[in-house]
Amino acid sequence: MVDSVHIASWNVNSIRARQERVASWLEQHRPDVLCLQETKVPDDIFPVEPFRTAGYDLALYGQKGYNGVAIASRVGLDDVRRGFDDGGDEGGARLVGARAGGVQVYSVYVPNGQFVGSRQWDEKLLWFDRLRALLQGRHGAGEHIAVAGDFNVAPEERDVHDPEFWKRQVLFHPQARAALARLCEDRLVDTFRLHHEAGGLYSWWDYRGPSLARNLGLRIDLLLASPPLARVCTAASIDREARGGKLPSDHAPILADFRL
DNA sequence: ATGGTTGCTTAGCAA
């Protein structure tokens with residue numbers, strides 16, 4: 001009987017490039033569930049062995065070259081659902097859901113948006129509303145739901161090293177922040193902010209330039225919980241250490257613990 | 001939206 005569940009999420013920027021690093025991280029942290037984004041690989045050649053060896057089942061929704069999401073679980077994995085089922089264009093493999101450890105889990109990779117005013121920008125803003133509709137259509141208010149992933153939006157000024165610059169960019173534009181806020185309002189809670197007040201705590205640092213050394217980052221990776229699940233969230237963190245070393249992803253893993 | 005780096009794919013795109 002599971003009485004607690006530890007959920008993690010990590011944009012790995014290619015699971016094939018990162019598989020040894022992810023495998024050792026799994027052995028070290030042993031989360032019950034790990035949501036992955038930017039796996040960048042079709043399902044038939046996803047490197048499943050390191051996960052099986054570590055005791056994890058996988059729900060895969062990938063594609064060639066870009067995007068790709070997955071859920072790894074060692075506490076059961078049922079009712080896997082890939083993508084939206086709203087009849088609209090999927091716009092890439094960016095969403096997979098499953099039941100794991102008594103929680104309804106979603107791994108999400110929100111479109112980056114390219115630049116403000118682009119076609120991809122419009123798709124990004126729309127994507128939040130599609131996700132909101134999907135969650136409202138599939139789930140009731142009392143359920144334990146975790147929506148984890150790379151949202152490609154920092155929620156607040158304290159989540160951005162230079163808000164004045166970034167508010168004109170896709171990752172912190174007022175319209176993107178508003179779209180995220182609409183998704184969340186009264187439905188999803190940012191678990192990190194239940195346990196940390198400080199600014200300067202980021203989950204992504206650009207590969208280019210001295211961003212990591214100078215902590216020029218943004219907190220765009222989020223683990224959102226429905227209110228009933230948020231009420232039993234006992235801890236949340238960002239594993240900044242995993243952003244270091246040789247050939248890291250440009251994102252750090254994020255984690256949250258729940259007592260069920 | 002311009003630079004810098006990384007990954008997928010092998011010249012150029014996406015992030």
Side-chain angles (χ1 to χ4, degrees), chain A residues 9-23 25 35-48 50 60-70 83 89-96 107-128 148-155 159-177 179-180 202-222 238-254:
Chain A
S9 179
W10 197 357
N11 179 324
V12 292
N13 186 23
S14 168
I15 189 60
R16 286 179 292 175
R18 223 68 62 199
Q19 62 177 291
E20 290 82 10
R21 185 181 270 264
V22 171
W25 190 89
C35 297
L36 297 165
Q37 300 86 37
E38 280 205 88
T39 53
K40 295 187 172 181
V41 66
D43 296 346
D44 59 343
I45 55 170
F46 188 103
V48 297
L60 303 178
Y61 184 37
Q63 67 180 93
K64 184 177 177 182
Y66 307 103
N67 307 317
V69 287
D89 186 352
E90 283 297 327
R94 298 178 173 276
L95 171 70
V96 63
S107 179
V108 305
Y109 177 47
V110 176
N112 170 283
Q114 206 77 322
F115 56 91
V116 175
S118 66
R119 172 183 57 78
Q120 293 92 332
W121 169 248
D122 292 336
E123 287 171 3
K124 174 181 190 169
L125 299 180
L126 186 62
W127 206 92
F128 283 97
D150 176 359
F151 286 79
N152 269 316
V153 180
D159 300 313
V160 180
H161 79 270
D162 182 358
E164 280 306 306
F165 170 77
W166 284 99
K167 74 182 185 188
R168 290 183 291 272
Q169 317 298 319
V170 293
L171 299 183
F172 192 59
H173 192 280
Q175 284 181 262
R177 294 174 64 191
L180 174 63
Y202 307 132
S203 68
W204 172 81
W205 298 261
D206 202 308
Y207 280 132
R208 298 164 288 190
S211 65
L212 184 67
R214 296 189 195 166
N215 197 32
L216 309 178
L218 287 80
R219 193 173 68 89
I220 58 176
D221 298 272
L222 309 173
I238 301 170
D239 182 14
R240 193 185 195 283
E241 196 178 333
R243 175 62 175 79
K246 272 192 168 182
L247 291 175
S249 168
D250 45 352
H251 295 253
I254 60 172

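As the structure is a computational prediction, the values presented were derived from the model and not from experiment. So that the names make sense, note that chain A is the first sequence line, chain B the second, and so on, each numbered from 1.
Between the CG atom in A:L36 and the CZ atom in A:F46 there is a gap of 5.5 Å [rounded to 0.5 Å].
A gap of 24 Å separates the P atoms of B:dA1 and B:dG12, to the nearest Å. The same atom, C1', is picked in B:dT9 and in B:dG3; the two are 23 Å apart, to the nearest Å. Remark: the separation of the C1' atoms in B:dT6 and B:dA11 is 16 Å, to the nearest Å.
Of all non-hydrogen atoms in A:H251 and A:I220, the two that sit nearest each other are CE1-CD1, 3.8 Å.
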- Item | Base versus backbone protein contacts along nucleotides 8-15 of chain B [heavy-atom cut-off under 4.0 Å; B, S, -] | SS----SB
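Looking only at side-chain heavy atoms (C-beta outward), A:P47 and A:I15 come within less than 4.5 Å of each other.
With sequence neighbours excluded, no residue forms a salt bridge (charged side-chain N to carboxylate O under 4.0 Å, His left out) with A:R94.
Separating the NZ atom of A:K124 from the P atom of B:dA1 is a distance of 13 Å, rounded to the nearest angstrom. Rounded to whole Å, the distance from NZ on A:K246 to C1' on B:dT5 is 17 Å.
A tilted orientation is assigned to the rings of A:W25 and A:W10, their planes being inclined by 30° to 60°.
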- Item | A:F151 and A:F128: CA distance, side-chain angles, deciding distance, side-chain contact (heavy atoms from CB on, under 4.5 Å) verdict | CA-CA 9 Å; A:F151 286 79; A:F128 283 97; 4.1 Å; yes
